[in-house]
K.L.:
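Quick one: this structure, given as structure tokens, is what I'll be asking you about.
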Amino acid sequence: MTKKNQIYKCEICGNVTEVLHEAGGELVCCGQAMKLMEEKSQDEGQEKHLPVIEQLPDNICRGGDGIIVKVGEVAHPMEEEHYIEWVEVKTKSGKIGKHFLKPGDKTEMEFQTRDEIVEVRVYCNIHGLWVKSL
Ligand SMILES: [Fe+2]
């Protein structure tokens with residue numbers, strides 16, 4: 001059963017997709033079922049993926065919620081073969097903001113909204129999906 005906002009990956013070609021509307025069917029790519037990317041919430045090993053969150057001062061975010069997201073307690077690599085593909089924030093009212101990255105980009109970014117930010121997800125091209133609830 002698919003669920004809204006789940007991330008699936010094809011283990012053959014590498015396509016990655018997100019469920020925007022759950023309807024129950026199986027997602028298939030290259031002739032086989034796509035793999036559900038588990039949302040990991042505990043860092044393991046040397047590389048760090050869990051986002052580190054800092055609140056922006058009120059005078060910067062003008063009455064809303066604003067955060068600085070850093071990917072990894074130790075900055076995650078941003079190399080051609082291994083990098084953070086995107087960082088996403090979800091607000092209390094269900095708005096989603098996604099920042100796509102490429103190799104060489106910084107792993108630190110700001111998100112500002114008038115709504116309360118409740119969750120941050122990070123996607124590494126090698127190590128998959130990570131989530132932090134606020
Ligand atoms: Fe990684």
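Since the structure is predicted, the reported quantities are computational estimates derived from the model, not experimental observations.
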K.L.:
Hydrophobic clustering (ILVMFWY, side-chain heavy atoms < 4.5 Å, transitive) - are M37 and I12 grouped together?
P.N.:
no
K.L.:
What's the separation between atom CD1 in I117 and atom CD in Q55, rounded to the nearest 0.5 Å?
P.N.:
7.5 Å
K.L.:
Would L50 end up clustered with M109 when hydrophobic side chains under 4.5 Å apart are linked, directly or stepwise?
P.N.:
yes
K.L.:
Are L129 and V69 co-members of a hydrophobic cluster defined by side-chain heavy atoms under 4.5 Å apart?
P.N.:
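Each belongs to a different hydrophobic cluster.
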K.L.:
Decide yes or no for I53 and I67: does some side-chain heavy atom of the first lie under 4.5 Å from some side-chain heavy atom of the second?
P.N.:
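Result yes, sub-4.5 Å side-chain heavy-atom pair found.
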K.L.:
So, for G24 and T2, which heavy atoms are closest and what is the spacing to 0.1 Å?
P.N.:
N-OG1, 3.5 Å
K.L.:
Tell me the closest heavy-atom pair linking V120 and P51, and the distance in Å.
P.N.:
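Distance-wise, the nearest heavy atoms are CG1-CG, 3.8 Å.
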K.L.:
For Y8 and V16, what are the C-alpha separation, side-chain angles and deciding distance, and is it a side-chain contact (heavy atoms from CB on, under 4.5 Å)?
P.N.:
CA-CA 6 Å; Y8 284 82; V16 175; over 6 Å; no
K.L.:
Does a side-chain heavy-atom distance below 4.5 Å link L56 with Q112?
P.N.:
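Yes, at least one pair of side-chain atoms sits under 4.5 Å.
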K.L.:
Is it the case that over 12 heavy atoms from other parts of the model lie below 6.0 angstrom from the NZ atom of K40?
P.N.:
yes
K.L.:
Indicate the atoms forming the closest heavy-atom contact of M34 with C10, along with that distance.
P.N.:
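So the minimum-distance heavy-atom pair works out to CE-N, 3.5 Å.
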K.L.:
Is there a chain of hydrophobic side chains (I, L, V, M, F, W, Y, each step under 4.5 Å between heavy atoms) that links V19 to I7?
P.N.:
no
K.L.:
Please set out all donor-acceptor pairs under 3.5 angstrom arising from side-chain atoms of residues 77-87, sequence neighbours excluded.
P.N.:
unit_1, atom_1, unit_2, atom_2, d
H82, NE2, H76, NE2, 3.0
H82, NE2, H127, ND1, 3.1

K.L.:
What's the shortest heavy-atom distance between I96 and E88, and which atoms?
P.N.:
CG2-CG, 3.5 Å
K.L.:
Using 0.5 Å steps for rounding, measure from the NZ atom of K106 to the NZ atom of K70.
P.N.:
9.5 Å
K.L.:
Restricting to pairs with a member in residues 13-25, which pass side chain to side chain donor-acceptor pair (under 3.5 Å), not counting sequence neighbours?
P.N.:
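Non-adjacent pairs meeting side chain to side chain donor-acceptor pair (under 3.5 Å): N5-E18, E18-K98, E18-R121.
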K.L.:
Is there a path of hydrophobic side-chain contacts, each under 4.5 Å between heavy atoms, that joins W130 and V89?
P.N.:
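W130 and V89: one cluster.
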K.L.:
From K48 NZ over to E73 CD, what is the distance, rounded to the nearest 0.5 angstrom?
P.N.:
5.5 Å
K.L.:
Taking all heavy atoms of V71 and all of H49, pick out the closest pair and write down the distance.
P.N.:
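The pair with the smallest heavy-atom distance is CG1-O, 3.8 Å.
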